[in-house]
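Here the structure is a predicted model, which means the values were calculated and not measured.
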Amino acid sequence: MPDPGDLLNDADLTAQYALPAPDGRPHVRLNFVCSVDGAITVGAVSKGLQTPGDHRVYEELRTLADVILVGAGTVQIEGYGPARVDPERRARRQMLGLAEVPTVAVVSASLDLDPGAALFTAAAARTVVITHAGAPADRRTALAEVADVIIAGEAMVDLPLALAELARRGLTRILCEGGPHLFGSLLSAGCVDELCVTVSPLIVGPGPGRMVAGLPAGIPVGMRLDHLLEEDGALFCRYVTN
């Protein structure tokens, strides 16, 4: 942890969350916020757990990403829209060799998505939808009008194949923002390179779920703490896989 009097400026924060140099392979980073007692939502959404520091890290992780990967359930629950990037961050992204605005990629097996939503119609970078060959053909056709549709897998989404396709398009720096089932599927497939967790100084109590769902029991994934930052009682942890 830095000295309590040693405040991190923007350049310092960028250095703390810098990614390895691209080598053509997908690098998957997950980002979650949780309470001290492990809850990932308050009133079904994550907003109640966020702190000013968490928002700053959230924006930094998005600034460093080629693509924001998210599950369809999280899109609907959290009310996802297109990525918004202010002029200063656009300039920083260009300096880092990134497109001005990150792409948003939605994983959906059922394609129960609204083609008229702002996520598709108002996106500066065309949204990507990842699904499988068995998804409803009519929904796939409708979404193809407003998004790039990636078919990965026959009867279920093949995440390694989907990530490889994103990488083929030059989207190698992948920031996954959930939800828990997508996180669990990525872990099961061995696709997680790092996890960034904000621990908010709140106790929520029983009810809300954990940040991972669907992961088969008996498969612990070892991780190493890369850094630990603190602000106003909130902890910001960056873990990398062993």
Undergrad: Would you check if the side chain of T172 reaches a backbone N or O of A167 as a donor-acceptor pair within less than 3.5 Å?
TA: no
Undergrad: Please check this pair: side chain of D37 against backbone of G205, looking for a donor-acceptor N/O pair closer than 3.5 Å.
TA: yes
Undergrad: Is the closest side-chain heavy-atom distance between R139 and D112 below 4.5 Å?
TA: yes
Undergrad: Mind running side chain to side chain donor-acceptor pair (under 3.5 Å) on Y58 and Q50 for me, showing each step along the way?
TA: CA-CA 10 Å; Y58 165 86; Q50 294 167 353; over 6 Å; no
Undergrad: Does the pair R62 and N31 meet the rule for a side chain to side chain contact (heavy atoms under 4.5 Å, CB included), with working shown?
TA: CA-CA 10 Å; R62 283 190 160 207; N31 183 39; over 6 Å; no
Undergrad: Over all heavy atoms of both residues, which pair between H227 and L229 is shortest? Give the atoms and the distance, please.
TA: CD2-CG, 3.8 Å
Undergrad: Check P115 against V146 and note the closest heavy-atom contact, atom names and distance.
TA: O-CG2, 3.7 Å
Undergrad: Return yes if some donor-acceptor pair links the side-chain N/O of R224 with the main-chain N/O of V240 below 3.5 Å, else return no.
TA: no
Undergrad: L186, V107: one ILVMFWY side-chain cluster at the under-4.5 Å cut-off?
TA: yes
Undergrad: Under the ring-ring contact (aromatic ring centres under 6.0 Å, His included) test, which residues partner Y239, sequence neighbours left out?
TA: none
Undergrad: Please name the residue in the list T131, V157, L161, V128 that meets the side-chain contact (heavy atoms from CB on, under 4.5 Å) test with I150.
TA: V128
Undergrad: Could you list the residues that satisfy ring-ring contact (aromatic ring centres under 6.0 Å, His included) with F183, not counting sequence neighbours?
TA: F32
Undergrad: Quick one: salt bridge (Lys or Arg N to Asp or Glu O under 4.0 Å) partners of D10, sequence neighbours excluded?
TA: R56
Undergrad: Could you state whether I40 and M223 fall into the same hydrophobic cluster, counting links through intermediate Ile, Leu, Val, Met, Phe, Trp or Tyr residues with side-chain heavy atoms under 4.5 angstrom apart?
TA: yes
Undergrad: Taking CD1 in I203 as the centre, count heavy atoms belonging to other residues, nucleotides or ligands within less than 6.0 Å. Is the count above 12?
TA: no
Undergrad: Side chains of P82 and V104: closer than 4.5 Å at any heavy-atom pair?
TA: no
Undergrad: Where the side chain of E230 meets the backbone of G233, is there a donor-acceptor pair that is under 3.5 Å apart?
TA: yes
Undergrad: Test D148 against R169 for side chain to side chain contact (heavy atoms under 4.5 Å, CB included), laying out the working first.
TA: CA-CA 11 Å; D148 292 340; R169 298 173 180 222; 3.6 Å; yes
Undergrad: Is there a path of hydrophobic side-chain contacts, each under 4.5 Å between heavy atoms of I/L/V/M/F/W/Y residues, joining M95 to L19?
TA: no
Undergrad: Apply salt bridge (Lys or Arg N to Asp or Glu O under 4.0 Å) to E60 and list each qualifying residue two or more places apart in sequence or on a separate chain.
TA: R89, R92
Undergrad: I want to check something: taking the side chain as every heavy atom from C-beta on, are L182 and V70 in contact at a cut-off of under 4.5 Å?
TA: no
Undergrad: I'd like to know if the side chain of R93 and the backbone of A65 have a donor-acceptor N/O pair within less than 3.5 Å.
TA: yes
Undergrad: Between OG1 of T74 and CD of E177, what distance do you get to the nearest 0.5 Å?
TA: 9.5 Å
Undergrad: For the residue pair V204 and S35, what are the closest heavy atoms and their distance?
TA: CG2-CB, 3.6 Å
Undergrad: List the atom of T41, the atom of S46, and the distance in Å for their closest heavy-atom pair.
TA: CG2-N, 4.2 Å
Undergrad: With distance as the sole test, does R238 use its side chain to make a donor-acceptor pair with the main-chain N or O of C196 at under 3.5 Å?
TA: no
Undergrad: Would you check if V192 and V221 make a side-chain contact, meaning some heavy-atom pair closer than 4.5 Å?
TA: no
Undergrad: With rounding to the nearest 0.5 Å, note down the distance linking CG in L143 to OG1 in T127.
TA: 10.0 Å
Undergrad: With a cut-off of 6.0 Å (strictly less than), are more than 12 heavy atoms of other residues, nucleotides or ligands near CZ of R25?
TA: no
Undergrad: With heavy-atom distances below 4.5 Å as the criterion, would you say the side chains of V197 and C34 are in contact?
TA: yes
Undergrad: Should V45 and I77 be marked as a side chain to side chain contact (heavy atoms under 4.5 Å, CB included) after you check the CA-CA gap, both sets of side-chain angles, and the distance that decides it?
TA: CA-CA 7 Å; V45 295; I77 292 169; 4.1 Å; yes
Undergrad: When rounded to the nearest 0.5 angstrom, what is the spacing between CG in L69 and CG in L166?
TA: 7.0 Å
Undergrad: Does any N or O in the side chain of H27 come within less than 3.5 Å of the main-chain N or O of P22, such that one atom is a donor and the other an acceptor?
TA: no
Undergrad: Determine, using the 4.5 Å side-chain heavy-atom cutoff (strictly less than), whether L235 and V33 are members of one ILVMFWY cluster.
TA: no
Undergrad: How far apart are the C-alpha atoms of L163 and V28, what are their side-chain angles, what is the distance that settles it, and do they pass the side chain to side chain contact (heavy atoms under 4.5 Å, CB included) test?
TA: CA-CA 9 Å; L163 298 178; V28 179; 3.7 Å; yes
Undergrad: In Å and rounded to the nearest 0.5 Å, what is the CZ to CG distance from R29 to L195?
TA: 10.5 Å
Undergrad: Supply the members, apart from V85, of the Ile/Leu/Val/Met/Phe/Trp/Tyr cluster built from side-chain contacts under 4.5 Å; use none for a lone residue.
TA: V101
Undergrad: When rounded to the nearest 0.5 angstrom, what is the spacing between CG in L111 and CG in D138?
TA: 9.0 Å
Undergrad: On a heavy-atom basis, which atom in P201 and which in V36 lie closest, and how many Å separate them?
TA: CA-CG2, 3.9 Å
Undergrad: With rounding to the nearest 0.5 Å, note down the distance linking CG in L61 to CG in L175.
TA: 5.5 Å
Undergrad: Do R168 and E165 have side-chain heavy atoms sitting under 4.5 Å apart?
TA: yes
Undergrad: Residues two or more places apart in sequence or in another chain: which of them pass ring-ring contact (aromatic ring centres under 6.0 Å, His included) with F120?
TA: none
Undergrad: Quick one: are K47 and E78 in side-chain contact, heavy atoms under 4.5 Å?
TA: no
Undergrad: Do the side chains of R173 and L98 get nearer than 4.5 Å, heavy atoms only?
TA: yes
Undergrad: Might you confirm whether atom CZ of R210 has over 12 heavy atoms from other residues, nucleotides or ligands at distances under 6.0 Å?
TA: no
Undergrad: Which pair of non-hydrogen atoms, one from L119 and one from Y80, has the smallest distance, and what is that distance?
TA: CB-O, 4.0 Å
